[in-house]
Protein chains: 2
Amino acid sequence: MSPYDPSAFPPFAVTVDLVVLTVRRHALCALAVRRGESPFQGRWALPGGFVRVDEDLSAAAARELVEETGLCAHDPESPVQVNGAHLEQLATYGDPKRDPRMRVVSVAHLALAPDLPAPRAGGDANSARWAPVDALLTQGGYGREGEQVAPLAFDHAQILADGVERARSKIEYSSLATAFCPPEFTVGELRRVYEAVWGVALDPRNFHRKVTGTPGFLVPTGGTTTRQGGRPAQLFRAGGATLLNPPMLRPDV
Amino acid sequence: MSPYDPSAFPPFAVTVDLVVLTVRRHALCALAVRRGESPFQGRWALPGGFVRVDEDLSAAAARELVEETGLCAHDPESPVQVNGAHLEQLATYGDPKRDPRMRVVSVAHLALAPDLPAPRAGGDANSARWAPVDALLTQGGYGREGEQVAPLAFDHAQILADGVERARSKIEYSSLATAFCPPEFTVGELRRVYEAVWGVALDPRNFHRKVTGTPGFLVPTGGTTTRQGGRPAQLFRAGGATLLNPPMLRPDV
DNA sequence: GTGTTTATCGTCAGGAAGACGACTATGATC
DNA sequence: GATCATAGTCGTCTTCCTGACGATAAACAC
């Protein structure tokens with residue numbers, strides 16, 4: 001492979017696809033966009049697009065995230081959440097037949113965001129939405145209004161499943177669950193994140209003892225809130241720790 | 001992006017690079033090949049090569065692994081192979097400037113292998129070797145004969161570091177450490193794998209209690225061996241479990 | 001006030017893990 | 001053959017973590 005001759009290697013298209021997760025109404029939800037073109041026209045898919053010539057992979061993912069979620073300073077109320085959204089590379093999918101048109105290698109990324117306002121997508125309000133991952137992953141699942149939903153386009157069901165699995169396991173040993181929360185949050189709100197992502201019920205007392213006892217996980221802000229009803233709860237920010245020691249333990253497994 | 005026009009997206013070259021790890025003489029070692037061409041001519045690099053037109057990413061990685069080491073990648077579907085090795089996707093590296101010649105996106109893979117005979121590489125015995133990862137990762141480290149070694153080519157130091165970190169963390173909660181062992185091994189041999197990968201000393205008694213008590217991790221074969229000297233040790237095979245519960249705990253951290 | 005909801009503290013039993021003593025079974029050395 | 005070095009295996013003890021769960025606290029709705 002000495003001198004670089006464009007005919008000496010096969011040309012690929014490289015894209016980024018995004019698994020954007022959030023917790024809405026006690027359910028883990030993913031961002032889905034409706035395809036306007038063939039193939040899979042009309043089907044739901046993960047947001048994504050081509051990587052540009054002089055663009056790093058992570059930059060392409062960040063750009064797509066901004067384009068699809070519209071969080072780029074358009075929401076003056078929550079700019080901090082936007083900047084705090086977590087983004088990481090997930091995996092790369094390159095089956096030769098994953099796109100019927102051509103050879104496309106897609107570098108999937110995982111984004112975790114707090115509950116956001118309804119998504120926007122190119123001005124077409126109907127073309128993007130949050131959907132519970134359970135519905136998206138169930139072959140022939142049911143959508144928000146109970147209608148039948150076709151499986152995701154391409155291999156996006158696999159990508160979504162991998163992203164969900166990554167999130168489920170990573171909140172065990174990292175402080176990533178705070179990425180689902182607003183900048184200030186209560187222990188109860190954090191617990192509901194774990195419950196939604198894992199799909200289990202956790203004991204509030206043991207959970208409280210655990211998270212407040214893990215060094216570097218939570219930092220009290222001094223404020224309190226009653227937005228959840230009941231007795232006022234302390235507000236916390238995410239501490240500096242990224243790795244939790246000891247880790248949170250998922251029941252069963 | 002309706003009709004697929006080759007000029008509508010930038011063409012990329014896609015390669016696979018391999019982080020092949022093994023444990024030799026109580027040290028974690030990686031496979032390195034010497035570059036014969038510019039750029040980075042004469043420098044050490046990770047093995048790798050172009051993905052072919054109709055080849056899946058994992059197939060390309062497995063092919064490169066065979067070409068460089070003669071190893072067969074272990075297929076979870078098929079029975080354990082004598083020359084089996086663990087192979088998994090690691091991460092994808094696509095900085096626009098990572099290769100000075102052109103835009104190359106590299107899908108790095110991680111392979112774990114038992115201690116192998118000296119590597120072969122295209123018949124040139126001097127062009128491939130096992131090197132301790134510490135030496136490869138230390139900028140201006142020292143090689144086997146104590147000579148100064150230049151840093152790895154391209155961004156391969158970063159890729160290697162990521163691969164080592166993946167291996168270090170993954171043997172905590174999975175049975176992956178057995179991939180460094182021959183098909184039958186003793187508890188002591190497995191312990192020396194953990195010690196080499198983590199770079200710590202472990203208590204033989206607690207380690208023995210732990211691994212023999214973790215369900216599905218080890219299956220006694222009934223045989224014994226004295227190849228390590230001392231009292232004969234029981235031989236084990238890897239059990240079916242891939243996820244360890246409870247996990248092995250890395251000291252400190 | 002009473003009831004409901006959520007937050008927070010405390011207690012207790014069971015289990016896991018680190019530290020470490022003791023014993024066993026080989027080969028090597030004298 | 002006795003002794004020693006080496007490695008493997010079994011136990012014990014203490015400490016800490018965790019799950020189960022009782023009890024109290026502070027808000028709101030009626």
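Order of the sequence lines fixes the chain letters, A, B, ..., with proteins taken first and strands second; residue numbering starts at 1 for each chain.
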Tell me which residues in residues 199-218 of chain A lie within less than 4.0 Å of DNA chain D, going by non-hydrogen atoms. D203(A), R205(A), N206(A), R209(A), K210(A)
Do R129(B)'s NZ or CZ and the ring of W44(B) fall within the cation-pi criteria of under 6.0 Å and 45°? yes
Need to verify one output field. Residue with the more 5' nearest nucleotide on DNA chain D, E189(B) or L249(A)? E189(B)
Any non-hydrogen side-chain atom of K170(B) less than 4.5 Å from a side-chain atom of V197(B)? no
Between H156(A) and L46(A) (side chain of the first, backbone of the second, donor and acceptor by atom type, cut-off under 3.5 Å), is there such a pair? yes
With distance as the sole test, does D155(B) use its side chain to make a donor-acceptor pair with the main-chain N or O of Q158(B) at under 3.5 Å? no
Any donor and acceptor pair, going by atom type alone, linking the side chain of Q89(B) with main-chain N or O of T92(A) inside 3.5 Å? yes
Distance-only, no hydrogens or angles: does the K210(B) side chain make a donor-acceptor pair with backbone N or O of P247(B) under 3.5 Å? yes
Interatomic distance, R250(A) CZ vs dT18(D) C1' [rounded to whole Å]: 18 Å
Collect all protein-nucleotide pairs involving nucleotides 28-30 of chain C in which both atoms are nitrogen or oxygen and the distance is under 3.5 Å.
none

Of residues 221-232 of chain B, the positions that come close to DNA chain D - non-hydrogen atoms, cut-off under 4.0 Å: Q228(B), G229(B), G230(B), R231(B), P232(B)
Quiz question: by atom type and distance under 3.5 Å, do the side chains of Y93(B) and D17(B) form a donor-acceptor pair? no
For atom CG of L244(B) and atom P of dA16(C), their distance in whole Å: 14 Å
Applying side chain to side chain donor-acceptor pair (under 3.5 Å), name anything that partners R237(B), two or more places apart in sequence or on another chain. none
Is any side-chain N or O of R192(A) closer than 4.0 Å to OP1 or OP2 of dA7(C)? yes
By ring-ring contact (aromatic ring centres under 6.0 Å, His included) - contacts of F207(B) (at least two apart): Y194(B)
Given atom CD of Q234(B) and atom C1' of dT24(C), what is their separation to the nearest angstrom? 13 Å
Within the structure provided, determine whether H26(A) and R192(A) are in side-chain contact (heavy-atom separation under 4.5 Å). yes
Residue set satisfying side chain to side chain donor-acceptor pair (under 3.5 Å) with T22(B), at least two apart, ordered chain then number -> none
